[in-house]
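In what follows, residues are counted from 1 in the order of the sequence shown. If you're wondering where the values come from, they're calculated on a predicted model, not measured in any experiment. What's counted below: heavy atoms across the whole structure, side chains too, no hydrogens, waters or symmetry copies.
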Amino acid sequence: MPSAKSTRVSENRRKRKAPILTQTRNYVKKARTLIEDGNIDDAKKAVIAAEKSLDKAAQKGVVHKGNAARRKSRLTKQLNDLVKSGGAQ
C-alpha cells in the first residue's frame with residue numbers, strides 16, 4: 001500500500017498533467033478527423049498544432065519524448081499519404 005505522501009504527490013501530478021494531456025489528445029483527434037475527411041489545408045494546420053502540443057507535453061514530462069515522436073511521425077505519415085492521394089475523393 002502506498003504511503004500517504006506518495007499518494008498525495010501522485011494525485012498532484014495527475015491534476016497538473018491532466019489538462020495538458022486532454023488538450024494534446026483533442027489536437028491529435030482533430031487532426032486525424034480532418035485527415036480522414038480529406039481536407040488537406042485544414043489538416044495541415046491541425047497537424048502542426050498537434051505536433052506543437054505533443055512537443056510541449058513531452059517537454060513538460062506529461063508524455064515520454066519517444067511517445068510524442070512516434071505520434072507525430074504517424075500523424076505526419078497519414079497527412080503525407082493524404083496529400084499523395086490528392087485529398088477528398
Side-chain angles (χ1 to χ4, degrees):
M1 181 139 180
S3 66
K5 182 177 179 181
S6 68
T7 303
R8 209 170 46 242
V9 169
S10 177
E11 182 66 17
N12 287 336
R13 273 195 196 129
R14 187 187 64 78
K15 285 179 182 175
R16 195 172 342 151
K17 292 179 178 186
I20 298 166
L21 190 57
T22 301
Q23 182 183 38
T24 300
R25 284 186 188 137
N26 288 341
Y27 277 122
V28 171
K29 184 176 180 179
K30 182 178 180 185
R32 285 211 177 109
T33 304
L34 288 169
I35 289 170
E36 287 174 10
D37 292 345
N39 190 342
I40 294 177
D41 294 331
D42 290 339
K44 283 182 181 180
K45 292 175 186 172
V47 167
I48 290 171
E51 288 178 347
K52 189 174 181 179
S53 180
L54 282 164
D55 283 337
K56 283 187 177 183
Q59 186 179 23
K60 293 179 180 184
V62 175
V63 296
H64 192 273
K65 67 179 184 176
N67 181 306
R70 181 176 63 248
R71 289 163 71 178
K72 285 170 40 181
S73 174
R74 288 178 182 170
L75 259 181
T76 305
K77 184 180 184 316
Q78 288 175 347
L79 179 65
N80 290 339
D81 290 345
L82 173 68
V83 171
K84 278 184 187 176
S85 70
Q89 297 171 353

Note to self: If you apply the rule side chain to side chain contact (heavy atoms under 4.5 Å, CB included), what do you find for K45 with L34, and how did you get there?
What the structure shows: CA-CA 10 Å; K45 292 175 186 172; L34 288 169; over 6 Å; no

Next item on the list: Sequence neighbours left out, what passes side chain to side chain donor-acceptor pair (under 3.5 Å) with N12? Give chain and number order.
Entry: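 Result, side chain to side chain donor-acceptor pair (under 3.5 Å) vs N12: none returned.
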
Check: What residues form a side chain to side chain donor-acceptor pair (under 3.5 Å) with N67, not counting sequence neighbours?
Finding: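 Partners of N67 by the side chain to side chain donor-acceptor pair (under 3.5 Å) criterion, ordered by chain and then number, come out as R71.
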
Heavy-atom closest pair, residues [X] and [Y]:
X: A43; Y: L79; value: CB-CD1, 3.9 Å
X: V83; Y: K44; value: CG2-CE, 4.2 Å
X: L75; Y: I35; value: O-CD1, 4.0 Å

Notebook entry, point to check: Hey, does Q78 have a side-chain heavy atom less than 4.5 Å from the side chain of V47?
Noted result: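 V47 vs Q78: side chains apart.
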
Residues 1-8, side-chain donor-acceptor partners within the protein, below 3.5 Å, at least two apart:
{"unit_1": "S3", "atom_1": "OG", "unit_2": "S6", "atom_2": "N", "d": "3.2"}
{"unit_1": "S3", "atom_1": "OG", "unit_2": "S6", "atom_2": "OG", "d": "3.3"}
{"unit_1": "S6", "atom_1": "OG", "unit_2": "S3", "atom_2": "N", "d": "3.3"}
{"unit_1": "S6", "atom_1": "OG", "unit_2": "S3", "atom_2": "O", "d": "3.1"}
{"unit_1": "T7", "atom_1": "OG1", "unit_2": "S3", "atom_2": "O", "d": "2.9"}

Next item on the list: Sequence neighbours left out, what passes salt bridge (Lys or Arg N to Asp or Glu O under 4.0 Å) with D41? Give chain and number order.
Entry: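 Here no residue qualifies.
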
Note to self: According to side-chain hydrogen bond (donor to acceptor under 3.5 Å, both in side chains), does anything in residues 19-34 pair up with another residue at least two apart or in another chain? List the pairs.
What the structure shows: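 Residue pairs passing side-chain hydrogen bond (donor to acceptor under 3.5 Å, both in side chains), neighbours aside: T24-S53.
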
Name each donor-acceptor pair under 3.5 Å that joins a side chain in residues 55-64 to protein atoms two or more places apart or in another chain, with its distance.
{"unit_1": "D55", "atom_1": "OD1", "unit_2": "K72", "atom_2": "NZ", "d": "2.8"}
{"unit_1": "D55", "atom_1": "OD2", "unit_2": "K72", "atom_2": "NZ", "d": "3.4"}
{"unit_1": "H64", "atom_1": "ND1", "unit_2": "G66", "atom_2": "N", "d": "3.0"}

